[in-house]
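Notes follow once the structure below has been shown.
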2 protein chains.
Amino acid sequence: MKQKNKDAIVKERILNNAESLFAQKGFRGVTVREIINAANCNLSAVNYYFGNKKNLYLEVFRARLIPRSQSMCERFKKFLGQRQPSDSPAAVVEALAQAFLEGPLSDDERRCHYQLMVREMSQPGEAFDLVFEHVMQPLLQDLSRRLRLVITEEIEEERLILNIESILGMIIHFNYFRSVITRFTGHAYDSSFKKRLIEHIIDFSLYGLGVGKKEVLT
Amino acid sequence: MKQKNKDAIVKERILNNAESLFAQKGFRGVTVREIINAANCNLSAVNYYFGNKKNLYLEVFRARLIPRSQSMCERFKKFLGQRQPSDSPAAVVEALAQAFLEGPLSDDERRCHYQLMVREMSQPGEAFDLVFEHVMQPLLQDLSRRLRLVITEEIEEERLILNIESILGMIIHFNYFRSVITRFTGHAYDSSFKKRLIEHIIDFSLYGLGVGKKEVLT
DNA sequence: GTCTATAGCAGGATAGAC
DNA sequence: GTCTATCCTGCTATAGAC
């Protein structure tokens with residue numbers, strides 16, 4: 001552990017705990033006092049390092065959510081690169097689902113991540129532009145470009161966007177509604193159930209209800 | 001307008017405004033003062049009619065969200081009954097998408113509805129059980145039963161659940177992430193764009209990316 | 001049933017000692 | 001940089017007049 005000075009460590013602790021709490025309860029649902037209790041530091045530390053509560057909130061997005069998002073996108077590219085062949089729609093969807101469901105994050109991080117994202121996307125707040133510009137926009141453009149390369153037929157831009165949003169909708173749904181999914185299927189989100197989910201997302205993305213045909217890849 | 005006594009009216013006004021505000025900002029994000037300002041009534045009215053803030057919150061679910069959910073399900077059944085033929089997967093998905101995207105609600109009501117639902121589903125709170133039992137559970141069972149009737153092949157229960165959740169995921173996504181979808185497609189959620197979305201949901205639910213084939217029903 | 005007034009407390013933020 | 005002490009605003013909830 002590096003600990004050149006203690007500053008960074010306290011600051012990091014505040015950021016980590018703030019993220020987790022904001023994700024669970026939203027901006028107004030969390031008090032600064034809760035955060036500093038979790039981070040085991042003094043009340044004034046928040047104002048010292050971040051100025052005020054709102055700025056701490058924004059910093060959570062800048063310093064945690066956005067970098068993590070980028071690392072998930074990296075992972076997506078890496079997965080796709082490893083795949084043979086990597087130039088089918090199935091490969092793109094598989095890499096995407098894998099990166100976002102199993103990706104480089106711990107389960108706690110993933111929970112945080114989606115909660116913060118979803119909160120901000122539905123009720124555009126101050127972090128919305130940040131997330132939109134640095135997360136959604138690049139992801140959609142990347143996916144759009146890649147899919148266009150591997151889909152043989154002509155496809156109009158709007159339709160492509162709706163397709164991509166449908167796949168993302170599923171991925172978000174299965175990450176975000178865990179309690180519901182768990183209650184319906186009886187499965188906890190362990191490694192084997194996640195594989196099952198990824199398989200399902202690929203299958204459904206390619207063939208939907210697959211009226212008349214079935215049974216796919218890996 | 002019926003107004004036998006003023007009680008009901010004040011109570012209704014509080015409920016309506018509370019719902020809208022809770023949907024936008026969550027339980028802790030809203031103050032009772034905000035609500036009574038919007039409802040144009042006195043501070044104590046909330047305690048008089050509902051006891052306390054938390055109970056008002058729960059009452060919003062009991063008296064507004066759940067009945068509305070049921071009316072959307074009614075609408076779904078009605079749509080399905082009108083359809084000829086009504087015994088294909090396409091008909092079921094179409095009726096579902098139509099009920100949930102265009103259904104019997106105003107756009108404001110729909111926004112409220114999904115925001116409250118999603119909030120409660122991700123972070124199981126006190127209203128979770130209410131919503132799960134009266135909304136999610138019956139809907140899933142109904143859909144499961146109906147789809148099983150119209151899907152010709154054998155399909156295991158778990159796979160059916162995942163399929164249904166995928167479709168619901170899309171519907172929720174397109175309702176809930178409006179700001180994002182609007183920014184990407186350039187379309188506001190007017191009647192013609194909603195029709196486009198419904199068409200897309202049917203198409204994608206049946207054929208996914210439709211690798212190799214395309215072009216569907218109504 | 002509806003209002004005013006207020007109790008009682010928790011929140012964010014800051015000043016100033018160390 | 002970190003802490004304690006404190007300010008002041010704004011919250012929920014209630015008591016009690018009308």
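Labels below follow one simple rule: chain letters A, B, ... track the order of the sequence lines, proteins then strands, and each chain is numbered from 1. Just so it is clear, the structure is predicted and the values come from calculations on it, not from any experiment.
Summary of the strand contacts: B/L43 and A/N42 both lie near DNA chain D, and taking for each the nucleotide with the nearest heavy atom, the more 5' one is attributed to A/N42. The 5' end of DNA chain C is approached more closely, in terms of each residue's nearest nucleotide, by A/E34 than by the other of A/G51 and A/E34. Nearer to the 5' terminus of DNA chain D, by closest-nucleotide assignment, is the contact made by A/A45 (compared with the other of A/A45 and A/R28).
Relative to the side chain of A/S44, the nucleotides C/dT14, D/dA15, D/dT2 differ in distance, and C/dT14 lies closest.
Contact annotation for B/T31: backbone-only contact, meaning every heavy-atom pair under 4.0 Å involves sugar-phosphate atoms and none involves a base.
Atom C1' of nucleotide D/dG10 and atom CG of B/N37 are separated by 13 Å, given to the nearest angstrom. Look at CD1 on B/I14: it is 13 Å from P on C/dG1, rounded to the nearest Å. Here D/dT9 presents its C1' atom at 16 Å from CG of A/N52, a figure rounded to the nearest Å. Atom CG in A/N55 sits about 15 Å away from atom P in C/dG12, given to the nearest Å. In this structure, B/K53 atom NZ and D/dG10 atom P are separated by 16 Å, rounded to whole Å. For A/I35 and C/dG11, the CD1 to P distance is 11 Å, given to the nearest whole Å. Atom CG of B/N47 and atom P of C/dT6 are 18 Å apart (whole Å). Rounded to an integer number of Å, the gap from A/K25 NZ to C/dA10 C1' is 14 Å.
Using modelled atom types, one side-chain atom of B/R110 and one backbone atom of B/L101 make a donor-acceptor pair closer than 3.5 Å.
Side-chain N/O atoms of B/Y48 include none lying less than 4.0 angstrom from OP1 or OP2 on D/dT14.
For the pair A/K25 and A/E34, the salt-bridge criterion is met [side-chain N within less than 4.0 Å of a carboxylate O]. Of the charged side-chain nitrogens involved, none lies within less than 4.0 Å of a carboxylate oxygen, so that B/D190 and B/R196 do not count as a salt-bridged pair. Salt-bridge annotation for A/R68 and A/E19: present, with a side-chain N of the basic residue lying under 4.0 Å from a carboxylate O of the acidic one.
A cation-pi arrangement is found for B/K53 relative to B/F27, the charged atom lying closer than 6.0 Å to the ring centre and inside a 45° cone about the ring normal.
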